[in-house]
Amino acid sequence: MKICRRIASLVLASAFSTFVHAAASDVEHATIADLHAAFQAGTLTVERLTRIYLARIQAYDKQGPGINAVITLNPNALAEARALDAERRAGRGMGPLFGIPIVLKDNFNTFDLPTTAGSQLLEGSVPSEDAFVTKKLRAAGAIILAKVNMSEFAGGGGSTMGATDPAVIRAGRIPQGFSSMGGQTHNPHNTDYVPSGSSGGTGASIAASFAQFGLGSDTGGSVRGPSSANGIVGLRPTHGLISRTGIVPISFSLDTAGPMGRSVYDISLALGVIAGIDPADAATRESAGMHEPDYTKFLKIGSLKGARIGVVRQFMGADPDTDSVIGASIATLEKLGAVIVDPVKIPDFAVGAKQQISDVLHQVEFKAQIAQYLQAYTKPGYPKTLGDLVARASDPATHYRSPEKLVGFRFAEAFPIGSNDPIYLTIKTEGLAMERAAIQAVFADNNLDALIYPTSPRPATLIAPPPGRGPGGGAGAGAAGAWLASETGFPELVIPAGMSKDGLPVTISFVGTAFSEPKILGYGYDFEQATKAIAVPKMTPVLPGDAISL
């Protein structure tokens with residue numbers, strides 16, 4: 001987003017009039033608008049805000065409950081904060097994210113911090129330049145506080161997806177939120193449970209208030225699953241709205257970045273900063289004339305009045321608590337004036353095709369695209385191909401900490417379909433188009449503005465389930481309806497909706513058609529303001545030092 005500081009300040013001033021509520025509060029409940037108002041009033045400095053978040057990381061990440069979300073802490077964060085305070089005192093304009101501490105999933109390139117994709121095989125690898133979106137965040141005034149844990153190579157990269165041999169599937173199972181670089185990240189609502197994957201470190205960090213917002217990446221559900229499991233707001237945007245340049249890939253046919261935060265306002269503001277055309281990412285050309293510099297202008301009470309919302313019950317029925325929360329959410333939507341179309345049916349042929357499409361795209365594209373990334377961004381001595389990853393992980397001298405991931409690497413390397421195979425080419429060109437047309441027809445036939453369903457059919461599950469039960473799943477990538485937005489390229493917004501009887505979050509998803517972010521963000525904001533369903537995790541409660549005067 002190319003915008004001068006003067007215009008940015010005017011945009012922020014306009015936002016303050018709508019979103020600021022002058023009262024004592026804490027970082028857990030403050031929006032970026034609140035924080036900027038406090039900066040302008042002189043009641044808060046960027047340095048103090050940064051110290052608040054660093055203190056929470058100190059108290060809760062490696063100590064206390066041991067959330068274990070942070071892989072690399074930025075050693076220059078306080079110096080950057082002091083420099084921004086000096087700019088403000090000098091009267092210079094504030095960018096849209098001025099002074100806001102954020103976290104990045106550790107597959108976003110940063111020129112000054114390692115980017116490992118959660119793999120010890122890339123330990124210490126510092127790219128020569130930032131990812132495209134990282135540059136935008138810095139230009140807008142954000143402070144990158146930390147790089148956070150993730151499922152290694154975003155889970156689906158180098159995995160057993162598509163395997164049919166039960167022994168291979170069992171041998172390649174990895175708990176959600178685990179990586180060989182970062183170890184196991186825990187859910188801050190209950191540390192016995194998964195934070196989901198693959199952006200589990202971002203989800204846990206934002207729920208635990210280690211930063212104001214964060215970025216994740218999403219191929220088959222990796223922003224949405226962790227947003228649901230950790231009970232925060234998350235957005236998988238329209239495919240092509242955000243650049244992927246400098247983000248460790250799985251499948252460019254499906255990959256996107258997405259913001260994750262504790263309010264619709266914050267992710268809407270972040271989206272305006274990072275959206276837009278990148279000459280190096282051809283997919284972003286589709287967003288020409290479709291992206292907005294300020295999505296917060298669409299956040300209005302009453303947005304749901306008259307909106308036709310379709311309920312997809314095919315993605316329900318797995319968990320009574322989840323279904324109960326979603327039932328109450330539907331009632332709330334009706335009270336807010338939405339017209340509920342219930343049920344809406346997703347065609348069987350679209351559901352039936354989803355798994356093969358996902359499996360083939362993940363496996364074929366990762367093999368080629370990870371090599372392109374490694375060759376472009378890692379220095380000599382690091383792996384340069386999937387074969388190199390297999391060799392390094394297989395070498396006893398490496399002391400590789402995830403034998404399960406090695407099973408996935410080997411399966412991916414041996415995957416029988418290549419980039420010239422007619423099966424892959426048909427899936428890429430016709431399979432995705434079929435899915436998109438099928439879901440577009442559901443919208444058209446029912447005259448819908450959005451679809452809704454539980455983001456995950458059940459809450460987060462145990463990291464170490466009892467014998468006889470499968471590994472921690474729930475709220476994870478690929479759960480229930482996650483394929484729908486992934487394979488159509490449509491946007492999906494995740495909003496906290498309530499809690500299970502066990503104290504775990506339940507969220508509702510709003511899905512729109514391509515580039516309908518203004519509409520679904522408005523719906524999500526209206527629902528969020530009516531329900532206030534987000535909860536501070538019991539394992540990472542408010543600290544006395546979190547209080548700020550707004």
Side-chain angles (χ1 to χ4, degrees), residues 176-177 186-197 199-200 203-204 206-208 221-236 260-264 267 309 311-336 338 340 342-343 450-463 472-482 484-485 492-511 520 523-540:
Q176 294 174 355
H186 299 264
N187 192 312
H189 290 276
N190 186 325
T191 52
D192 291 336
Y193 287 77
V194 298
S196 189
S199 308
I206 301 310
S222 294
V223 161
R224 294 161 288 162
S227 296
S228 184
N230 295 284
I232 60 172
V233 180
L235 175 70
R236 179 193 164 96
M260 303 163 72
R262 292 187 296 279
S263 68
V264 177
I267 68 161
I309 308 294
V311 180
V312 185
R313 292 195 175 269
Q314 287 155 281
F315 304 149
M316 298 172 66
D319 177 73
D321 281 5
T322 298
D323 291 351
S324 177
V325 170
I326 298 302
S329 299
I330 293 170
T332 297
L333 293 171
E334 287 187 298
K335 290 178 183 177
L336 294 172
I340 301 299
D342 185 8
L451 296 169
I452 59 167
Y453 41 78
T455 311
S456 172
R458 60 182 64 81
T461 53
L462 290 164
I463 293 170
L484 193 150
E492 179 175 342
L493 176 66
V494 177
I495 304 289
M499 302 293 282
S500 73
K501 292 176 182 176
D502 293 331
L504 296 166
V506 175
T507 62
I508 188 170
S509 279
F510 293 80
V511 174
I520 64 169
Y523 298 159
Y525 178 77
D526 202 5
F527 178 81
E528 171 195 62
Q529 296 303 302
T531 57
K532 304 286 188 182
I534 194 167
V536 175
K538 65 181 180 182
M539 308 298 288
T540 56

**Asked** Ser227: what forms a side chain to side chain donor-acceptor pair (under 3.5 Å) with it, not counting sequence neighbours?
**Response**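 Counting only residues at least two positions away or on another chain, Ser227 forms no side chain to side chain donor-acceptor pair (under 3.5 Å).
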
**Asked** In chain order, what residues pass the side chain to side chain donor-acceptor pair (under 3.5 Å) check against Asp192, with sequence neighbours excluded?
**Response**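 Checked Asp192 against side chain to side chain donor-acceptor pair (under 3.5 Å); zero matches.
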
Show which side-chain atoms of residues 326-334 pair as donor or acceptor with protein atoms under 3.5 Å away, not counting sequence neighbours.
from, atom 1, to, atom 2, distance (Å)
Ser329, OG, Val325, O, 2.9
Thr332, OG1, Ala328, O, 3.1

**Item:** ring-ring contact (aromatic ring centres under 6.0 Å, His included) involving Tyr453 - partner list, sequence neighbours excluded
**Value:**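 Phe315.
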
Shortest non-hydrogen separation from [X] to [Y] and the atoms involved:
X      : Y      : result
Gly225 : Ser196 : C-OG, 3.3 Å
Leu336 : Phe527 : CD1-CA, 4.1 Å
Gly261 : Ile267 : N-CG2, 3.4 Å
Ala533 : Gly498 : CB-N, 3.9 Å
Tyr193 : Leu504 : CE2-CD1, 3.5 Å
Gly221 : Ala482 : CA-CB, 4.2 Å

Quick one: does [X]'s side chain have a donor or acceptor within less than 3.5 Å of a partner on [Y]'s backbone?
X      : Y      : result
Ser199 : Ser222 : yes
Asn230 : Ile232 : no
Asp323 : Met316 : no

**Message:** Does anything in residues 492-504 form a salt bridge (charged side-chain N to carboxylate O under 4.0 Å, His left out)? List the pairs, not counting sequence neighbours.
**Reply:**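 Matches after skipping sequence neighbours: Arg224-Glu492.
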
**Any pair counted as salt bridge (charged side-chain N to carboxylate O under 4.0 Å, His left out), so long as it reaches residues 523-532, sequence neighbours left out** =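 Non-adjacent pairs meeting salt bridge (charged side-chain N to carboxylate O under 4.0 Å, His left out): zero.
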
Between [Y] and [X], is there a side-chain heavy-atom distance shorter than 4.5 Å?
X      : Y      : value
Thr455 : Val506 : no
Pro505 : Met499 : yes
Val511 : Val312 : no

**Request:** Using the test side chain to side chain contact (heavy atoms under 4.5 Å, CB included), find all partners of Asp319 that sit at least two apart in sequence or belong to another chain.
**Result:**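 If we apply the side chain to side chain contact (heavy atoms under 4.5 Å, CB included) test to Asp319, skipping adjacent residues, the hits are Asp321, Thr322, Arg458, Pro459.
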
To the nearest 0.5 angstrom, please state how far the [atom1] atom of [X] sits from the [atom2] atom of [Y].
X      : Y      : atom1 : atom2 : value
Ile309 : Asp342 : CD1   : CG    : 12.0 Å
Leu493 : Ser509 : CG    : OG    : 7.5 Å
Asn190 : Lys538 : CG    : NZ    : 5.0 Å
Thr191 : Met539 : OG1   : CE    : 3.5 Å
Ile463 : His186 : CD1   : NE2   : 5.0 Å
Ser228 : Ile495 : OG    : CD1   : 11.5 Å

